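Since the structure is predicted, the reported quantities are computational estimates derived from the model, not experimental observations. Just so we're on the same page: letters track the sequence lines, and every chain starts at 1.
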Number of protein chains: 2
Amino acid sequence: MSMATSRTDPLTLEVVELIGSVVARYYEEYEQAAAEHSLTGAQARVLRLLSLEPLPMRRIARKLKCEPSNVTGIVDRLEARGLVERTPDPSDRRVKLAAPTRSGLATAARLRDSLDFAREPLAELSAQERRTLRDLLRRMVGDDDA
Amino acid sequence: MSMATSRTDPLTLEVVELIGSVVARYYEEYEQAAAEHSLTGAQARVLRLLSLEPLPMRRIARKLKCEPSNVTGIVDRLEARGLVERTPDPSDRRVKLAAPTRSGLATAARLRDSLDFAREPLAELSAQERRTLRDLLRRMVGDDDA
DNA sequence: TATTGTTATACTCTATAACTATA
DNA sequence: TATAGTTATAGAGTATAACAATA
């Protein structure tokens with residue numbers, strides 16, 4: 001692992017810098033898209049998660065990598081706006097499943113469509129370039145579970 | 001602009017998904033690196049900014065894309081820890097320049113070095129692949145000012 | 001006893017509005 | 001009057017610790 005060379009390599013440094021810029025831009029646009037639906041970033045992330053699959057509170061916390069106590073408040077606020085519902089799990093009465101309402105699913109779909117930032121510049125790339133980018137990104141992300 | 005095709009193109013969708021994963025991972029590791037120095041993410045970002053160049057409070061807010069009133073508190077907390085100092089601008093006595101102390105510069109340097117996430121997977125790429133990635137990312141970021 | 005979700009508490013970040021001191 | 005920085009305030013996210021209900 002000759003890390004020493006790549007650490008100071010100007011090309012690598014520029015790429016790292018660029019990744020930081022992409023992250024900042026993406027994050028910013030995500031918050032803005034959420035705000036356009038009067039949601040905070042955290043609320044939007046939970047709503048997106050639940051639109052894929054209803055989840056127990058504890059699992060939401062694991063996905064978000066935050067403490068379970070935080071999820072209570074976020075889901076409270078989503079529930080107060082009629083976007084999410086809590087239902088008790090019949091098989092384990094300690095567990096509460098959070099699931100999006102019909103309205104919540106619709107909001108999640110509109111939110112997804114409004115995230116054009118990543119899509120727009122990608123449209124300018126050839127299929128071959130997109131495949132290259134995909135392979136590079138796959139290597140950067142590696143395996144994930146949570 | 002035939003957006004319609006790329007919008008539903010599975011390859012593009014996968015790349016968008018991957019970018020989201022990279023953003024989440026990067027953000028997470030940034031917060032963690034900051035926490036290892038007992039800093040919040042916002043404090044780490046301001047310290048990094050000032051390590052490049054001392055700035056008036058107002059300019060920090062523009063860079064962070066937040067309200068100037070927030071910067072007061074963030075710099076307060078950095079100053080309380082001896083990482084940053086406020087000095088009045090002689091040419092305009094309304095302006096206060098925030099600059100890192102020697103200790104602040106050292107912390108910023110250690111923070112920079114601990115952000116290995118982006119660098120590590122990059123080390124596995126050839127120089128040609130890194131150039132390709134750089135060019136793709138440049139197109140995604142576009143011009144920036146702030 | 002261990003686990004799930006919640007509550008209580010304290011801190012930070014955030015935007016808004018009002019204030020002060022300069023310009 | 002306009003601008004730079006601050007203060008005051010309120011809402012949201014965060015972690016920690018303690019609690020009730022259930023396993």
How far does CG of A:Leu47 sit from NE2 of A:His37, to the nearest 0.5 angstrom?
10.0 Å

Step by step, work out the side-chain contact (heavy atoms from CB on, under 4.5 Å) result for A:Leu111 and A:Arg48.
CA-CA 8 Å; A:Leu111 202 51; A:Arg48 174 189 156 280; 5.8 Å; no

Which residue lies toward the 5' end of DNA chain C, B:Arg93 or B:Arg77, if each is placed at its nearest nucleotide?
B:Arg77

Find the distance A:Leu64:CG to D:dA12:P and express it as a whole number of Å.
17 Å

Main-chain N/O of B:Ala33 paired with B:Ser114 side-chain donor or acceptor, under 3.5 Å
no

Rounded off to whole Å, could you give me the CG-to-P distance for the A:Asn70 and D:dT16 pair?
10 Å

Length of the line joining A:Arg62:CZ and D:dT14:C1', which is rounded to integer Å:
19 Å

If I take atom OH in residue A:Tyr27 and atom P in nucleotide C:dC13, what distance separates them, rounded to the nearest angstrom?
14 Å

Output yes when a side-chain donor or acceptor of A:Arg81 lies under 3.5 Å from a complementary backbone atom of A:Ser38, and no otherwise.
yes

Once you round it to whole Å, what is the distance between P of D:dG11 and CD of B:Glu67?
18 Å

In whole angstroms, the gap separating P of C:dT14 from CG of A:Leu39 amounts to 18 Å

Please answer: with hydrophobic residues joined when any side-chain heavy atoms are less than 4.5 Å apart, are B:Leu115 and A:Ile19 in the same cluster?
yes

Here the distance between atom P of C:dC13 and atom CD1 of B:Ile60, to the nearest Å, is 13 Å

Whole-Å distance between D:dG13 P and A:Ile74 CD1?
5 Å

Between the main-chain N or O of B:Leu125 and the side-chain N or O of B:Arg130, is there a donor-acceptor pair closer than 3.5 Å?
yes

Checking the side chain of B:Glu79 only, and the main-chain atoms of B:Arg86 only, is there a donor and an acceptor separated by less than 3.5 Å?
yes

Using a cut-off of under 3.5 Å, enumerate the N/O to N/O pairs linking the protein to nucleotides 4-6 of chain C.
unit_1 : atom_1 : unit_2  : atom_2 : d
C:dG5  : OP1    : A:Met57 : N      : 3.2
C:dG5  : OP1    : A:Lys96 : N      : 3.2
C:dG5  : OP1    : A:Lys96 : O      : 3.4
C:dG5  : OP2    : A:Arg58 : N      : 2.7
C:dG5  : N7     : A:Arg58 : NH1    : 3.0
C:dT6  : OP1    : A:Arg86 : NH1    : 2.6
C:dT6  : OP1    : A:Lys96 : NZ     : 3.4
C:dT6  : OP2    : A:Thr72 : OG1    : 3.0
C:dT6  : OP2    : A:Arg86 : NH1    : 3.2

Hey, which of these two, B:Gly73 or A:Arg45, hits DNA chain D nearer its 5' end, going by closest nucleotide?
B:Gly73

Between C:dT12, D:dG13, D:dT14, which nucleotide gets closest to the side-chain atoms of A:Thr40?
D:dG13

